[in-house]
Amino acid sequence: MAAQESSSPKYRRIADALKQAIAAGEFRPGDRLPGENDLMDRHGVARMTARQALGVLTSEGLAEARRGAGVFVRDFQPIRRRGVPRLAREQWGQGQSVWAADVPERDLVVDGVTVDEEQASGDVAARLDIAPGDAVTVRRRRFVLDGKPVLLSTSYLPAALVAGSAITQPDTGAGGTYARLAELGAAPARFREEVRSRMPAPEEVDRLRLPAGTPVILISRMARTEDGRAVEVNEMILDSSAYVLEYDFDA
């Protein structure tokens, strides 16, 4: 173990020591971490090494840099996204948002909501079992939790299915899109999600206010009715440092 520690870069060893101190409660959420000068003196390293060590913590979402003030332990409680219960019919069927399963009693704001009718791309058309170029209703929105943007979401639904319904309005009402689909006789009965990750595009960095080096999680969800009809494609972009993805199901 000692050989492994001595062979790791100095900045990584300093970062690990800071993470251990955070885990032990020596630095609490909102506390200022030792600055570059402090780390240089304490560890006998160059400024770049100290800067890299602090950069590890910000890139991993444990700390945030505040211009002119220093680097602080991030004061944000991660979201535990409960992948199975949040989509249960008992949730949206009783007029509750799927978010209620993730963030009860926290301050959630949905902003930047736009609803447009567009032509389906080849990829979206294939997943909705419609022809490329067919009309789709596209719902775009951003989710902000406790003042922190955490998710960008874009939903695609067949325009012919949802025309004239509340799904074409910014506020879909109690229970959201899935409750309105049920009223149209197209209640989702099965969901399928694919999860992957990548580095964010510049626009995503800006809209999610991501620290440098923070990747995003991509979740693509398909919703189908009991008879297998595709009724929604939902593309979500999550701040990876804000989420724990939880999947709890019977063996």
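Since the model is a prediction, treat every value here as computed from it, not as a measurement.
More than 12 heavy atoms of other residues, nucleotides or ligands lie within 6.0 Å of CZ in Arg224, so this atom counts as buried by the packing criterion. Shown here is Arg66, whose CZ atom has more than 12 heavy atoms of other residues, nucleotides or ligands within 6.0 Å. Environment of CE in Met48: sparse, with no more than 12 heavy atoms of neighbouring residues, nucleotides or ligands closer than 6.0 Å. Other residues, nucleotides and ligands contribute over 12 non-hydrogen atoms within 6.0 Å of the CZ atom of Arg140. In this structure, Glu193 places its CD atom where more than 12 heavy-atom neighbours from other residues, nucleotides or ligands lie under 6.0 Å away.
At least one side-chain heavy atom of Ile237 sits under 4.5 Å from a side-chain heavy atom of Arg198.
Residues satisfying the ring pair (Phe, Tyr, Trp, His ring centres under 6.0 Å) criterion with Phe72, sequence neighbours excluded, are absent altogether. With sequence neighbours left out, the side chain to side chain donor-acceptor pair (under 3.5 Å) criterion links Thr154 to no other residue. Under the rule for a ring pair (Phe, Tyr, Trp, His ring centres under 6.0 Å), Tyr243 has no partner lying at least two apart in sequence or in another chain.
Listed by first then second residue, pairs satisfying ring-ring contact (aromatic ring centres under 6.0 Å, His included) with a partner in residues 138-166 read Trp99-Phe143, not counting sequence neighbours. Identified under the ring-ring contact (aromatic ring centres under 6.0 Å, His included) test for residues 184-227, with sequence neighbours left out: Tyr178-Phe191. Among pairs with a residue in residues 163-173, none fulfils side-chain hydrogen bond (donor to acceptor under 3.5 Å, both in side chains), at least two apart in sequence or across chains.
With hydrogens and angles disregarded, a donor-acceptor distance shorter than 3.5 Å links the side chain of Arg142 to the backbone of Arg207.
Side-chain contact, Arg141 with Ser155: a donor N or O sits under 3.5 Å from an acceptor N or O. Checked by atom type, the side-chain pair Asp123/Ser121 shows no donor-acceptor distance below 3.5 Å.
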